[in-house]
Amino acid sequence: MRQIEFNGVTRLVADWARLTGISSDTLTKRLNMGWSVEEALTKPVGKQGRKPQSRPAPSLTHGLPALVEWQRDMHAAHRQMTRSVRSFVRQMEEQMAQLRHGLDQHLAAQRDEAHRHIIASHTRGVVSADQKSRPDRSISSAQETL
């Protein structure tokens, strides 16, 4: 470990770092770059050697409130459009349900009518059991006359 003497006091770099609040790496780098011990221990740590933080261009910072307002307007328009689409879909679903119900009723009526026709066509050609057991009077009377 490296020892440093300052104002008649000799300490390790780590001890000076704790006392000054400057990291031991920073103190070591300062001394290795040729700084005097006094400068290395007393100069506050600042932004020396660091890249300046980039700031947005002035034209962009002036436009930000307008951009925020535009975003808010677009969000409100999106919410309104979503509500409108949901309402439209609900209306279409109701109309489809009504159409399905009407179609079901129409098909049921057609089915009932077809059944009636089938039953009527079968009953026209079918002779009842009573009619079969009774002899045809017209035939017997004709035979009697012969």
Side-chain angles (χ1 to χ4, degrees), residues 1-140:
M1 287 299 243
R2 185 172 180 177
Q3 291 189 345
I4 302 172
E5 181 183 337
F6 179 63
N7 288 339
V9 180
T10 304
R11 298 180 191 257
L12 294 172
V13 172
D15 293 333
W16 284 115
R18 274 191 294 275
L19 289 172
T20 61
I22 301 171
S23 73
S24 57
D25 286 342
T26 301
L27 290 175
T28 303
K29 286 177 186 176
R30 285 178 173 184
L31 294 170
N32 288 340
M33 289 190 321
W35 288 31
S36 69
V37 172
E38 182 179 354
E39 279 182 319
L41 292 174
T42 59
K43 189 164 183 170
V45 178
K47 294 184 180 181
Q48 297 90 0
R50 293 186 187 169
K51 292 181 182 177
Q53 290 183 349
S54 62
R55 293 193 174 116
S59 60
L60 182 62
T61 56
H62 292 296
L64 284 178
L67 184 61
V68 170
E69 184 177 331
W70 177 82
Q71 186 269 341
R72 188 176 338 115
D73 292 345
M74 289 297 103
H75 185 68
H78 179 265
R79 280 193 316 252
Q80 181 59 41
M81 185 181 299
T82 302
R83 280 189 222 112
S84 297
V85 167
R86 286 182 181 152
S87 173
F88 175 76
V89 168
R90 261 186 255 112
Q91 289 173 355
M92 291 297 105
E93 287 172 343
E94 289 171 6
Q95 288 180 7
M96 289 299 294
Q98 291 171 355
L99 287 172
R100 270 188 244 112
H101 179 69
L103 181 61
D104 289 344
Q105 286 180 334
H106 179 73
L107 291 174
Q110 281 184 335
R111 185 185 61 233
D112 293 344
E113 183 67 23
H115 284 305
R116 271 191 241 107
H117 284 299
I118 291 170
I119 292 170
S121 67
H122 285 309
T123 56
R124 273 186 236 137
V126 175
V127 178
S128 68
D130 292 340
Q131 290 175 344
K132 283 185 181 179
S133 64
R134 281 186 279 159
D136 191 2
R137 289 185 189 166
S138 61
I139 296 173
S140 60

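- Contact record, Ala17 with Ser24: CB-N, 3.6 Å, taken as the closest heavy-atom pair.
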From CA spacing to verdict: side-chain contact (heavy atoms from CB on, under 4.5 Å), Arg30, Val45: CA-CA 11 Å; Arg30 285 178 173 184; Val45 178; 3.9 Å; yes
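- Going from atom CZ of Phe6 over to atom OG1 of Thr20 covers 10.0 Å, rounded to the nearest 0.5 Å.
- Between the Trp16 side chain and the Leu41 main chain, no donor and acceptor come within less than 3.5 Å of each other.
- For Gln98, there are no side chain to side chain contact (heavy atoms under 4.5 Å, CB included) partners, not counting sequence neighbours.
- With rounding to the nearest 0.5 angstrom, the CD1 atom of Ile4 is 13.0 Å from the CD atom of Glu38.
- We find the CG-NE2 distance between Asp73 and His78 to be 14.5 Å, quoted to the nearest 0.5 Å.
- With sequence neighbours excluded, no residue forms a side chain to side chain donor-acceptor pair (under 3.5 Å) with Gln95.
- For Arg79, the side chain to side chain donor-acceptor pair (under 3.5 Å) test picks out His75, with sequence neighbours left out.
- Applying the side chain to side chain contact (heavy atoms under 4.5 Å, CB included) criterion to Glu5, with sequence neighbours excluded, gives Thr10.
- From Leu12, atom CG reaches atom CZ of Arg18 across 8.5 Å, with rounding to the nearest 0.5 Å.
- By the 4.5 Å heavy-atom criterion applied to side chains, Arg86 and Arg83 are not counted as neighbours.
- By the side chain to side chain donor-acceptor pair (under 3.5 Å) test, His101 is found to be paired with Gln105, residues two or more places apart in sequence or in another chain being considered.
- The CG atom of Leu103 lies 10.0 Å from the CZ atom of Arg100; values are rounded to the nearest 0.5 Å.
- Between Ala40 and Ile22, the shortest heavy-atom distance links the atoms O-CD1, 3.8 Å.
- Sorted by first and then second residue, the salt bridge (Lys or Arg N to Asp or Glu O under 4.0 Å) pairs involving residues 104-118 (not counting sequence neighbours) are Glu113-Arg116.
- Residues passing the side chain to side chain contact (heavy atoms under 4.5 Å, CB included) test with Asp25, sequence neighbours excluded: Ser23.
- Not a single salt bridge (Lys or Arg N to Asp or Glu O under 4.0 Å) links Arg11 to another residue, sequence neighbours left out.
- When the side chain to side chain contact (heavy atoms under 4.5 Å, CB included) test is applied to Ser87, the partners found at least two apart in sequence or on another chain are Arg90, Gln91.
- Enclosure of atom CE in Met81 is not indicated, since only 12 or fewer non-hydrogen atoms of other residues, nucleotides or ligands lie within 6.0 angstrom.
- A distance of 4.0 Å separates CZ of Phe88 from CE of Met92, quoted to the nearest 0.5 Å.
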